[in-house]
Number of protein chains: 2
Amino acid sequence: MPRDLDRPAPPRATRQRAAIAAALGDAGGFLSAQALHERLRAAGDRVGLTTVYRTLQALADAGEVDVLRTADGEALYRQCASAVHHHHLVCRRCGRAVEVEGPDIEAWATATARRYRFTDVNHVAEIFGTCAACRAA
Amino acid sequence: MPRDLDRPAPPRATRQRAAIAAALGDAGGFLSAQALHERLRAAGDRVGLTTVYRTLQALADAGEVDVLRTADGEALYRQCASAVHHHHLVCRRCGRAVEVEGPDIEAWATATARRYRFTDVNHVAEIFGTCAACRAA
DNA sequence: ATGCGTGCAAACGATTTGCAGCCGG
DNA sequence: CCGGCTGCAAATCGTTTGCACGCAT
């Protein structure tokens, strides 16, 4: 008898997946797949770059990590505390990010969309700057 | 006697540049370099893809067009009416876009950044949806 | 005349995919 | 045992660059 098809199969517990999740966890900010891969190697965790990409993609699809794109199109990943909709204040130097919410933004997006008769609305909003630590350095 | 070095050389008036600017103009929405290239060919304008990329980049640098990135990292360009800071309400189907401003957003970004001691702040905010025309189709 | 602008082909860099072997459940 | 997970190498794909030639100034 087939397993319940409504619910996606849970990911398998592998050494690699654990390492990736952990590394992403204490990174505390946004980093690229390649950067994460380097951290893992540096820490002695032997993981293939392919696996890093595949795992991050999976985590993103599962909504367990947030994704954003650099100005030059590179994908950055971050393990977020809240699964609910939120925005970020990101340091463009170190990648560290603060999760922030913007009630105003939500309202603005909704109102603007309605005014122009757009439906199925969603939006993106991120703030970039230099954090105190990086400014000091 | 050398020309004034403080001011960048004005772009040359070439057939290709004109065609690109024109096509971008009546597109009325965001489109990728490749899409623009196809439109040009379809219209009978013989322009190299390379030139399209280079010209769009130049226009973007000059602040004459806005750039945003698709979820999968593709760059989209749009000729905007106002050179001043603004945001967009974009149709994810046809790319048509409305320029909107968000006083609330600016305030939110500034306030949030200050609260967390971030400096050199800037932000991005775009709204995506389906426009009335596309919904009907 | 002088070089910027153009275009073709090759180079690039991030990401994806084919496929054979491994290992967690 | 079995199928998902892994990883290497090769393939994609958008975009950039090297270089020789043409055209705008």
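Residue numbers start from 1 in every chain, and the chains themselves are labelled A, B, ... in the order their sequence lines are given, proteins ahead of strands. All values below were derived from every heavy atom in this structure, side-chain atoms included, with hydrogens, water molecules and symmetry-related copies excluded.
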Using modelled atom types only, decide if a donor and an acceptor are shared between the side chain of B:Arg135 and the backbone of A:Arg117 within a distance under 3.5 Å.
->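 Present.
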
**Q.** Backbone N/O of A:Ala71 and side chain of B:Arg69: donor-acceptor pair under 3.5 Å
**A.**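 At least one qualifying donor-acceptor pair exists.
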
From [atom1] of [X] over to [atom2] of [N], roughly how many Å is that when rounded to an integer?
X: B:Ile20; N: C:dG7; atom1: CD1; atom2: P; answer: 8 Å
X: B:Arg46; N: C:dT6; atom1: CZ; atom2: C1'; answer: 14 Å
X: A:Asp72; N: D:dT16; atom1: CG; atom2: P; answer: 10 Å
X: B:Leu59; N: C:dG5; atom1: CG; atom2: C1'; answer: 14 Å
X: B:Leu49; N: C:dC8; atom1: CG; atom2: P; answer: 10 Å
X: B:Leu56; N: D:dT16; atom1: CG; atom2: P; answer: 10 Å
X: A:Glu38; N: C:dG13; atom1: CD; atom2: P; answer: 14 Å
X: A:Arg69; N: D:dC13; atom1: CZ; atom2: P; answer: 15 Å

> When rounded to the nearest 0.5 angstrom, what is the spacing between CZ in B:Arg93 and CZ in A:Phe118?
Replying inline: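 The CZ atom of A:Phe118 is 12.0 Å from CZ of B:Arg93, to the nearest 0.5 Å.
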
Each nucleotide of nucleotides 19-25 of chain D classed B (base within 4.0 Å of a protein heavy atom), S (only sugar-phosphate) or -, in 5' to 3' order, makes ----BBS

Out of [options], whichever nucleotide has its closest atom nearest the side chain of [X]:
X: B:Thr51; options: C:dT6, C:dA9, C:dT16; answer: C:dT6
X: A:Gln57; options: C:dT6, C:dT16, D:dT6; answer: C:dT16
X: B:Thr55; options: C:dT6, C:dT15, D:dC8; answer: C:dT6
X: B:Tyr53; options: C:dT15, D:dG7, D:dG14; answer: D:dG14

Please tell me whether B:His85 and B:His123 form a close aromatic pair, meaning their ring centres lie under 6.0 Å apart.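 Judged by ring-centre distance (under 6.0 Å), B:His85 and B:His123 do meet the cut-off.
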
Least distance between heavy atoms, B:Val100 atom then B:His88 atom
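The answer is CG2-N, 4.1 Å.
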
Self-check item: Closest approach of A:Asp66 to A:Phe30 (non-hydrogen atoms, all atoms of both residues)
Solution: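 Distance-wise, the nearest heavy atoms are O-CE2, 3.8 Å.
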
Is any side-chain nitrogen or oxygen of B:Gln16 closer than 4.0 Å to OP1 or OP2 of C:dG5?
->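 Answer no for this pair, as no side-chain N or O of B:Gln16 is under 4.0 Å from OP1 or OP2.
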
**Prompt:** Got more than 12 heavy atoms from elsewhere within 6.0 Å of CZ, A:Arg78?
**Reply:**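 Count over threshold, so yes.
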
